[in-house]
Amino acid sequence: MKISLILLVSTFLMMLNCEKPKEEKTINTYIDEPHSYAKPNEAVITHLNLNLNVNFEKQIVSGIATYDIQNNNASEIILDTKYLDITDVQVDGESTSFTMGKMDETLGQPLMISIDEDTKQIAITYNTTDKTEALQWLNPQQTADKTHPFLFTQGQAILTRTWIPIQDSPQIRITYDATVKVPSELMAVMSAENPKEKTEDGIYHFKMKQPIPAYLIALAVGDIEYKAVSERTGVYAEKSVLDKAHAEFSDMDKMVTAAENLYGTYNWEQFDVIVLPPSFPFGGMENPRLTFATPTVIAGDKSLTTLIAHELAHSWSGNLVTNATWNDFWLNEGFTVYFEIRIMEALYGKERANMLALISRQDLEDELESLKDSPNDTKLKLNLKGRNPDDGMSSIAYEKGYLFLRTLEEKVGREKFDAFLKSYFKKNAFSTTNTEDFIKYLNTNLLEKNNITFNTDEWIYQPGVPDNAVTVQSDAFENVENTLKKFIETNNIDVAATNQWTPQEWVHFIRNFPKDITIDQMQKLDETFDFSNSTNSYITMVWYEQSILNGYHGHNVDAKIEQFLTAVGRRWYVTTLFKAFKNSDRVDEALVIYKKARPNYHSVTVKSVDELLNYP
Ligand code: BES
Ligand code: ZN
C-alpha cells in the first residue's frame with residue numbers, strides 16, 4: 001500500500017526563507033520490494049515519454065525514454081534495466097555519466113543516475129538487444145496472414161525492463177505518452193489511446209492518462225485492422241482473423257456492463273482486445289484499454305470467452321487496484337477469477353458459472369498434487385525474494401484465491417460481500433495494496449462489522465486448502481461423470497446424453513478419464529466424437545494430454561500433437577502437453593518436438609519448457 005504522508009513544508013520554509021507558502025507536497029511511502037532495484041522513497045518516476053523506432057530488419061527497438069521525476073532529496077535515481085544497450089543519459093537536458101550495477105540473471109542491472117534536488121527530468125537513449133525477454137519478433141510465416149512481420153511485448157511480471165529502462169515495480173505508477181515509428185504497412189497499438197486506422201507515414205502517437213504500473217506498458221505492431229463491437233469495445237486482428245474475432249467477442253459490451261453493475265465504473269474508457277499470432281505465451285494479458293489475447297480462444301461458438309471476462313475483470317483487480325509486490329500476486333489473480341466467474345454468471349447463468357468453478361477446483365487439486373513437495377508455494381501470500389516472480393505464479397493464486405473468496409462470499413452472503421468488494425475497489429483505486437492491508441480492510445469493513453469469525457489467516461498464510469472450503473456442485477458435470485462411468489463399465493457410449501454438451505462438459509469428460517482407460521476405449525471415443533480434430537483448442541489440448549498419457553496413437557494424433565505444439569506457444573497448453581510426455585517417460589519424443597517448436601515460442605514459454613525438459 002502507499003501511505004500518503006502530507007509534508008507540510010510550507011510553514012517551515014516560510015520561517016526559514018520568508019518565502020511565499022509553497023503547495024503541500026505529497027510523498028508516497030513504498031514498501032520493500034524484492035524484484036526491483038528502484039528506491040522510490042528517494043526518487044521516483046511519475047511520467048514517461050517514449051520516442052521509439054521499431055526496426056524489423058535489425059529486430060531492434062530504439063529511442064529515448066524521458067521521465068518526469070519526483071526527487072525527495074536523493075543524490076541519485078535508480079532504474080531497472082536488463083539486456084539494454086544504453087548509449088546516453090541526460091539530466092534536465094545535459095548529457096551526464098551514469099553507472100550500471102552488477103548483472104543479476106533474474107533482476108537485470110540497476111542503472112544509477114546522479115541527480116540533484118532540482119532535477120525535473122531524465123532522458124535515456126537506448127536500444128533493445130537480441131536478448132530482450134519482453135519482445136517477440138515474428139516473421140511473416142508465424143502470423144495468420146503470412147505476409148508481414150509482427151512484434152508484441154509481454155511485460156508481466158518483470159520483463160518491461162528488457163525493453164524500456166524503468167522503475168519496474170508494481171507499486172510505482174506512471175502516466176505515459178509515446179511516439180512510435182513503424183514500417184508504413186504496419187499499425188502500432190499500445191496499452192493506451194489507440195489509432196483505429198493505419199497512418200501513411202507509420203508514425204503513431206499514444207497517451208495513457210491514468211497512472212499504471214510498468215508491467216502494463218505494452219506494444220504490438222503488425223498488419224492489423226480494427227472492428228468496433230460497440231462504441232467502447234472492439235477488436236484488432238490480422239485481416240483473416242478480424243471477422244471471426246469480432247463474432248466471437250460480440251458480447252464484450254455486455255460484459256463491461258455486467259462488470260460495472262458489480263463493482264463500479266469502468267475507469268479506462270475503452271475496452272478493446274487484440275488477437276495476436278498463436279505464439280502469444282498467455283491466454284490473455286490485461287494490458288489497460290487493450291487486452292492482448294491468444295487466437296486459441298476463437299472457437300467459433302463463444303465457448304472460451306471467459307478469458308475475455310477474466311482480462312476485463314483485471315480492469316478492477318490488478319489494473320485499478322494493483323498487488324504491491326509479486327508476493328501478493330493472488331490479490332490480482334484470485335480476485336480476478338472470482339470476478340470473472342461472476343461476470344459469466346451474470347451473462348450466461350448459474351450453471352455455466354458452476355462449471356467454471358468446478359474446473360477451477362480441479363485445477364487447484366492438480367496444482368496441489370504437483371506442488372506436494374513445495375508446500376510453501378501453496379500459500380496465498382508468497383515469499384519470492386531471491387526467486388523469479390514467475391516461479392510463484394501458479395494456479396494457487398488463481399484457484400485457491402478464488403476458492404477463498406467464494407467461501408467468504410457464502411459465509412457473509414452475496415449482498416454484503418459485493419458491497420464490501422465495491423468499496424474496496426473504490427478506496428484503493430489507482431493505487432496498490434498488499435495482503436496485510438487487505439486483511440485489515442476485510443476485518444474492519446466486513447468481518448468485525450458483521451460479527452463474523454473467519455479463518456482468514458489459515459487461508460492466506462498456511463499451505464493447502466482449509467476444511468471450510470465450500471463444495472461446488474454442478475448438475476451438468478455430475479451428468480458428465482455418470483456418462484463417463486457408464487462408458488468405462490460397458491464400452492457403450494450414450495451419444496444421446498452428450499448431444500447438448502458444451503465444450504466445458506467435454507473438457508470435464510476427457511479430463512476425468514480413469515487411469516486404466518484402454519486404447520480401444522480411446523479409439524472408440526475418437527471415432528465417435530473426432531476429438532483429434534476438434535476445432536476447440538481446450539478440447540484438443542486435454543484430448544492430446546490424455547493421448548500422450550495413455551499411449552494412444554490412433555487417428556494420426558501424434559502428428560497433430562506435433563503440429564499443435566509447433567504452432568501454438570500458449571504456455572499453459574504447451575507445458576501441459578510436455579508435462580504429459582515427461583510423466584509417461586517419453587522425454588525423448590518431447591525433445592524432438594521441442595527442438596522444432598522452440599524457435600516459435602516467446603521467452604516466457606521457452607523458459608518454462610527448458611526447465612521442464614532440462615533443455616538444452
Ligand atoms: N495476468 C495474467 C497473465 C500473466 C500472469 C502474465 C503472470 C505474466 C505473469 C492473465 O490475466 C491471465 O491470468 N491469463 C490466463 C487467462 C485465464 C486464467 C482465463 C492465461 O493466460 O491462461
Ligand atoms: Zn489474470
Side-chain angles (χ1 to χ4, degrees), residues 35 106 133-134 136 152-160 162 168 170 191 212-218 249 255 273 275-276 278-288 290-297 299 303-323 325-344 355-357 359-360 362-364 367 382 384 387-402 405 503-504 507 537-538 541 568-576 602-605 607-608:
H35 298 115
T106 303
E133 293 167 329
Q136 192 179 8
F152 66 81
T153 66
Q154 167 58 39
Q156 198 181 11
I158 55 168
L159 305 183
T160 298
T162 74
D168 197 3
S191 51
I212 57 168
Y215 76 90
L216 294 175
I217 302 174
F249 304 150
M255 286 186 178
V273 172
V275 179
L276 294 163
S279 67
F280 184 60
F282 295 103
M285 177 64 214
E286 65 270 25
N287 297 316
L290 181 65
T291 281
F292 283 25
T294 169
T296 61
V297 292
S303 58
L304 303 179
T305 53
T306 180
L307 181 123
I308 304 297
H310 180 96
E311 305 314 333
L312 169 65
H314 274 304
S315 305
W316 286 260
S317 41
N319 299 2
L320 188 64
V321 180
T322 309
N323 51 207
T325 75
W326 298 116
N327 293 331
D328 308 293
F329 182 58
W330 78 275
L331 289 177
N332 273 20
E333 296 300 343
F335 278 69
T336 296
V337 173
Y338 176 81
F339 198 173
E340 161 203 334
I341 294 179
R342 291 292 305 274
I343 294 171
M344 295 305 279
M355 288 195 257
L356 292 169
I359 290 180
S360 160
Q362 192 169 354
D363 290 342
L364 176 57
E367 191 73 292
L382 298 170
L384 296 168
R387 292 171 72 185
N388 192 314
D390 216 42
D391 295 347
M393 293 177 165
S394 72
S395 299
I396 297 298
Y398 292 78
E399 322 306 352
K400 184 179 171 183
Y402 167 70
L405 294 170
Q504 278 67 32
V507 165
S537 66
Y538 197 5
M541 194 273 284
V568 175
R570 185 174 179 185
R571 178 165 71 173
W572 168 43
Y573 282 4
V574 165
T575 53
T576 304
H602 183 274
S603 77
V604 306
T605 302
K607 185 171 161 286
S608 299

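Atoms within each ligand, like the ligands themselves, are counted from 1 in listed order. These numbers were taken from a predicted model, which means no experiment stands behind them. Residue numbers start at 1 and run along the sequence shown.
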Going by atom types alone, do [X] and [Y] pair a side-chain donor with an acceptor below 3.5 Å?
X    : Y    : answer
R570 : T294 : no
T336 : H314 : yes
Q504 : S303 : no

Closer than 4.0 Å to some heavy atom of [X] - which atoms of ligand 1 meet that?
X    : value
Q154 : 6 (C), 8 (C)
R570 : 22 (O)
H314 : 11 (O)
E286 : 1 (N), 2 (C), 10 (C), 11 (O)
F329 : 5 (C), 7 (C)

Worksheet item: Can you check whether H602 and F152 have ring centres sitting under 6.0 Å from each other?
Response: yes

Fill in: Candidate list L364, L356, I341, D363, test side chain to side chain contact (heavy atoms under 4.5 Å, CB included), partner Y402, passing option
I341

Fill in: Qualifying residue for side chain to side chain contact (heavy atoms under 4.5 Å, CB included) with Y398, from F329, W330, Y338
F329

Look at [atom] and say which protein heavy atom is nearest, naming residue and atom and giving the distance to 0.1 Å.
atom                    : result
atom 20 (C) of ligand 1 : G283 N, 3.4 Å
atom 10 (C) of ligand 1 : G284 O, 3.2 Å
atom 9 (C) of ligand 1  : M393 SD, 3.5 Å
atom 2 (C) of ligand 1  : E333 OE2, 3.4 Å
atom 15 (C) of ligand 1 : E311 OE2, 4.2 Å

Worksheet item: Would you find a donor on one side and an acceptor on the other, under 3.5 Å apart, between the side chain of D390 and the backbone of V604?
Response: no

Worksheet item: Y215 near ligand 1, heavy-atom distance under 4.0 Å?
Response: no

Worksheet item: If you measure from each non-hydrogen atom of Q156 to ligand 1, which part falls under 4.0 Å: side chain, backbone, both or neither?
Response: both

Discussion item. For R571, which part has a heavy atom under 4.0 Å from ligand 1: side chain, backbone, both, or neither?
Written reply: neither

Discussion item. Nearest 0.5 Å, please: how far is NE2 in H310 from CD1 in I343?
Written reply: 10.0 Å

Worksheet item: A293 and F280: which non-hydrogen atoms are nearest, and at how many Å?
Response: C-CD2, 4.0 Å

Worksheet item: Taking all atoms of both residues into account, what is the closest heavy-atom pair of D328 and N323, and its distance?
Response: O-CB, 3.4 Å

Worksheet item: Rounded to 10°, how big is the angle at the Zn ion (ligand 2) from H310 NE2 to E333 OE1?
Response: 100°

Worksheet, complete the sentence: Of W572, F282, Y398, the residue with the heavy atom nearest atom 12 (C) of ligand 1 is Y398

